[in-house]
Protein chains: 2
Amino acid sequence: MKNASCTVCMLKSKAARSLQHSELDLLGESCVQAVFEPGETIFKQGALSSNIIYLQTGLVKLTIKGPQRVQIMRLKKAPSYLGVPTTMGDKINHYSAIAVERCTACFIDINTFKELLKVNPAFSYEIMLELCRNELEQYQRCVKLVQNQVYGRLAANLLIFANEIYNSNEYDLPLNRNDLADLVCTSRETVSRLLAELAKESIIEVEGKHIRILDNERLENISEKG
Amino acid sequence: MKNASCTVCMLKSKAARSLQHSELDLLGESCVQAVFEPGETIFKQGALSSNIIYLQTGLVKLTIKGPQRVQIMRLKKAPSYLGVPTTMGDKINHYSAIAVERCTACFIDINTFKELLKVNPAFSYEIMLELCRNELEQYQRCVKLVQNQVYGRLAANLLIFANEIYNSNEYDLPLNRNDLADLVCTSRETVSRLLAELAKESIIEVEGKHIRILDNERLENISEKG
DNA sequence: TATTTTTTGTGATTTACATCACATTATATT
DNA sequence: AATATAATGTGATGTAAATCACAAAAAATA
């Protein structure tokens, strides 16, 4: 862990770029950087929290305790703020964040964060926009979950990895089959079967965690139609 | 539709209560009140929007187009802001809001709203808190949807009507079976059957739309255990 | 290298729930 | 009041996907 100089940071968030010099100094004073290896918990549901996390680089999964077990809600890719909704209201985390790939994260003291929201409307506005985007994304995820069947949801998630996370139609899945199943809201066995199915149809190529999308169009079709 | 005087309004939001006199005047100038009867659309997905809606009284459903059909995402009870996430980013509504009970709603010009966010950090902070709460609620709804089965979800929704909407364990459902099914993410037929089942078990009493919860404890148990 | 542990694949079986089909009851319209 | 239209209940049937069961492969550990 080291104290960061936010002023010279090249990985500033869009929100942080609207801060004044003096405000960035304030941010830098109460901002501590840390590295997380895959599997390491960045913050944990139920624990007290007095920080907002700015995810500079890497990929995390957000998990939440459900009635039966812990569930992966979504992946979140840097750059992004984590734990804004979970820390703003009360001080207790309402979900966990766990590194899925190597991450660098800045821990910002919540009081400093609130102070910045207060003194800089542009900063505040950017944070608010991010919250709004999250809510809309969440609605979309939810309807898709209800109305599409597993085949479509799996296809959708493979496309998200390709288009939104790795920007390539060839990539290594950062999750094992269990976590992938969790993300798609299905069982491990079904994921196995459907991946085999997609491969048999020559829509993708699967080799362990390595995925290669062969027929983007058909995959998108499956993702849309269910 | 009439122009409202926000200064003397007794139904101010918590956020609005942090506004100065002059700011309330500003709000009042670009704030138009309207009444919506059940079934009437307050705003519509896909339409251009230049307003934030403050729901003063009443109950609405938020619906969103899914891959197969329009889906009820959630109910929202007054007092509450609607369309913040849908209007803040771009100008197009990303979901619809439809009155489920008689509603009064204030249409606030988006520029005025943004201006208030800018000049009054306390106001801005309250709005942000509401966004955060929404996001957390949405996560909860989603895990419940995935991990519980219909019986549990129906029970949960019956309890929400009792505890959060009507504050009574006897109430008239504001939705028909179709919409209730939609809210619970199941089919109309299943809702019919399970309501009958709950009645047979003497957990609730059903007479058309009138619901009476007889055994709160067991209903909560079903809601939790799935 | 050998051994344990974890991860993955695949068949067989079960099940919750959707869908279909139709009767019945309410509600709206003429 | 008569008719049309919509909302609801309920049985029969079908099915997507969970669960169970176990083998095979891969990864971690000794």
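Fair warning: this is a prediction, and the values are worked out from it, not measured in the lab. Per chain, numbering begins at 1; letters A, B, ... match sequence-line order.
In this structure, A/Glu170 and A/Glu205 have side chains that are not in contact, with every pair of non-hydrogen atoms separated by 4.5 Å or more.
At whole-Å resolution of the value, CG in B/Asn178 and C1' in D/dT5 are 15 Å apart. Going from atom CD of A/Glu189 over to atom P of D/dA24 covers 17 Å, rounded to whole Å. Put simply, CZ on B/Arg193 is 8 Å from P on D/dG11, counting in whole angstrom units. Summarising the geometry, the separation between CG on B/Leu195 and P on D/dA7 is reported as 17 Å, rounded to the nearest angstrom. One can place CG of A/Asp182 at 14 Å from C1' of D/dA18, the figure rounded to the nearest angstrom. Atom CG of B/Leu194 and atom P of D/dG11 are 14 Å apart (whole Å). For B/Ile211 and D/dT8, the CD1 to P distance is 11 Å, given to the nearest whole Å. Counting to the nearest Å, the P atom of D/dG9 and the CG atom of B/Leu180 are 10 Å from each other.
Using a distance-only test at 3.5 Å, with no hydrogens or angles considered, no donor-acceptor pair links the side chain of A/Gln56 to the main chain of A/Ala78.
Ring planes of A/Phe43 and A/Tyr95: tilted class, angle from 30 to 60°. By the 30° and 60° cut-offs, the orientation of the rings of B/Tyr81 relative to B/Tyr54 is tilted.
Position along DNA chain D of the nearest nucleotide to A/Arg153 versus A/Arg188 favours A/Arg153 as the more 5'-ward residue.
Here the rule is side-chain contact (heavy atoms from CB on, under 4.5 Å) with B/Thr86, and of B/His94, B/Gln45, B/Lys91 only B/His94 fits it.
Chain B approaches DNA chain C over the interval C/dA16 to C/dC20, counting the first and last nucleotide 5' to 3' with an atom under 4.0 Å from its heavy atoms.
Contact annotation: A/Thr190 side-chain N/O to D/dA17 OP1/OP2 distance is not under 4.0 Å.
Not counting sequence neighbours, B/Glu217 has no partner by the side chain to side chain donor-acceptor pair (under 3.5 Å) test.
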